[in-house]
S.K.: 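Following this message is one structure expressed as structure tokens.
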Amino acid sequence: MVSFDNYPFRRTGDNLGFLEQWGEVRAAGLTYDLPTWVYVQSFTSTNYRRPTPEELLWQINVSLAFGCKGIQYFTYWTPEVYAEFGPGLITLDGQRTDLYYAAKDINNNWLARVGRQLKPLRPEVLGIANLLDFPPPGLPAFAPDEYVAESWGDPVILSQFSKPDEPNYRWLLVVNYSYKEPCRVRVNLGRRVRGRGIAVFDPSTERYVEVPPPRKRLDIRLDTAAAALYRLPVRAEKERTSR
């Protein structure tokens, strides 16, 4: 595997080098067919501020969009050897902190459940849509293709996945790029996607729920730092060519 740590929430401002390094690690993982893991920031120190529960979720969902297969926390137990560290998920004397309970909720009610869907999938196309500024290094701008044609609204990361033994499906993970506010976005699906059978993953039941009409258009509302996973039925290559 390839594992790294790069912590985004500094006292002097946010560090988008987290995204740049993710881009490098993603490329290495795809090139050498290795799973990629990451440590997410769950600590405070002299140079780093304490993340909020939303910022914890943002790191996780952004990592999933990059194709991450393993989430680790730094730090779980507050290090005794580093005097400059504040409490992590567990304090130095063994007490659970607010971030412990935030991580527990994310792990049990979202990450473990969506992770069972994403873990066997192969990352394909990745891009950020609806961002007015230039995209940050490591995260390319969205480019339309035959699966996802257009996007409007607030900035989101659009990440596509495939599975070799299920060629009739494509998966689309939509991640709110903001860890400060909710978002609304519309996504028009491409010509390769069938109109019927488009479904969204429901983590409460771990089932896919068919999206109601209008078909091939996703109107999405996401809470702060949240994400949604869609399963898209696709036309076979020969069928698409013949049409």
Side-chain angles (χ1 to χ4, degrees), residues 6 8 14-27 29-30 36 38 54-55 57-68 110 114 117-118 121-163 169-195 198-201 203 208-209 211-235:
N6 190 321
D14 298 338
N15 169 31
L16 293 182
F18 171 74
L19 301 174
E20 184 174 10
Q21 190 164 5
W22 242 129
E24 296 170 353
V25 170
R26 170 186 165 91
L30 292 175
T36 53
V38 68
E54 291 78 13
E55 290 166 345
L57 178 61
W58 181 85
Q59 294 176 85
I60 290 169
N61 281 334
V62 167
S63 297
L64 293 178
F66 274 90
C68 183
W110 170 246
V114 77
Q117 301 298 314
L118 291 173
L121 304 184
R122 175 178 171 80
E124 295 290 350
V125 181
L126 173 71
I128 183 165
N130 313 322
L131 190 65
L132 296 180
D133 299 327
F134 290 106
L139 184 56
F142 163 74
D145 60 24
E146 56 189 359
Y147 300 102
V148 182
E150 298 173 297
S151 176
W152 299 276
D154 296 315
V156 289
I157 300 174
L158 301 175
S159 184
Q160 297 181 37
F161 298 83
S162 66
K163 192 176 183 181
Y169 289 103
R170 191 89 163 182
W171 286 260
L172 174 66
L173 184 68
V174 183
V175 178
N176 184 354
Y177 186 63
S178 175
Y179 45 80
K180 297 180 180 179
E181 55 190 5
C183 78
R184 297 179 66 176
V185 66
R186 173 173 291 177
V187 175
N188 281 352
L189 301 174
R191 59 182 180 177
R192 186 85 184 269
V193 178
R194 294 181 180 272
I198 299 167
V200 61
F201 179 69
Y208 285 92
V209 179
V211 174
R215 296 187 174 92
K216 298 190 69 169
R217 190 185 83 189
L218 306 177
D219 291 304
I220 305 167
R221 296 184 181 185
L222 294 172
D223 289 337
T224 306
L229 177 64
Y230 292 86
R231 188 179 63 190
L232 312 178
V234 299
R235 303 181 190 279

S.K.: Could you state the interatomic distance from CG (Leu121) to CG (Leu229), rounded to the nearest 0.5 Å?
M.R.: 7.5 Å
S.K.: Can you tell me how far the CG atom of Leu232 sits from the CZ atom of Arg192, to the nearest 0.5 Å?
M.R.: 11.5 Å
S.K.: What side-chain donor-acceptor pairs closer than 3.5 Å can you find for residues 18-25, not counting sequence neighbours?
M.R.:
from, atom 1, to, atom 2, distance (Å)
Gln21, OE1, Asn6, ND2, 2.7
Trp22, NE1, Ser63, OG, 2.9

S.K.: Could you tell me which non-hydrogen atom of Cys183 sits nearest to which non-hydrogen atom of Val156, and how far apart they are?
M.R.: SG-CG1, 3.9 Å
S.K.: Would you name the heavy atoms of Val175 and Asn61 that are closest together and state the gap between them?
M.R.: CG2-O, 3.6 Å
S.K.: Take atom CZ of Arg184 as the centre, draw a 6.0 Å sphere, and report whether it contains more than 12 heavy atoms from other residues, nucleotides or ligands.
M.R.: no
S.K.: Rounded to the nearest 0.5 Å, what's the gap from CD1 on Ile157 to CG on Leu139? Could you check?
M.R.: 5.0 Å
S.K.: Of the non-hydrogen atoms in Ser151 and Val187, which two are nearest, and what is the gap between them?
M.R.: OG-CG2, 4.2 Å
S.K.: Nearest 0.5 Å, what's the OH-CG distance between Tyr230 and Leu158?
M.R.: 11.0 Å
S.K.: Could you tell me whether the side chain of Lys163 and the main chain of Tyr169 form a donor-acceptor pair under 3.5 Å?
M.R.: no
S.K.: Taking atom CD of Gln160 and atom CG of Asp145, what is their separation to the nearest 0.5 Å?
M.R.: 4.5 Å
S.K.: Answer yes when Arg186 and Asp219 have at least one side-chain N-carboxylate O distance shorter than 4.0 Å, and no when they do not.
M.R.: yes
S.K.: Return the set of residues passing ring-ring contact (aromatic ring centres under 6.0 Å, His included) with Phe201 (not counting sequence neighbours), or none when no residue passes.
M.R.: Tyr208
S.K.: For Pro123 versus Arg26, what's the shortest heavy-atom pair and its separation?
M.R.: CB-NH1, 3.4 Å
S.K.: Give a yes or no on whether the backbone of Arg194 and the side-chain of Lys216 come within a donor-acceptor separation of less than 3.5 Å.
M.R.: no
S.K.: Under 3.5 Å, is there a donor-acceptor pair between the side chain of Trp152 and the main chain of Asn130?
M.R.: no
S.K.: Taking all non-hydrogen atoms of both residues, which atom of Pro155 and which atom of Asn176 are closest, and how far apart?
M.R.: O-OD1, 4.0 Å
S.K.: What are the two closest non-hydrogen atoms of Ala225 and Tyr179, and how far apart are they?
M.R.: CB-CA, 4.3 Å
S.K.: Out of Val234, Leu172, Leu189, which one pairs with Tyr147 under the side-chain contact (heavy atoms from CB on, under 4.5 Å) rule?
M.R.: Val234
S.K.: Can you tell which of Arg170, Glu124, Arg122 makes a side-chain hydrogen bond (donor to acceptor under 3.5 Å, both in side chains) with Ser162?
M.R.: Glu124
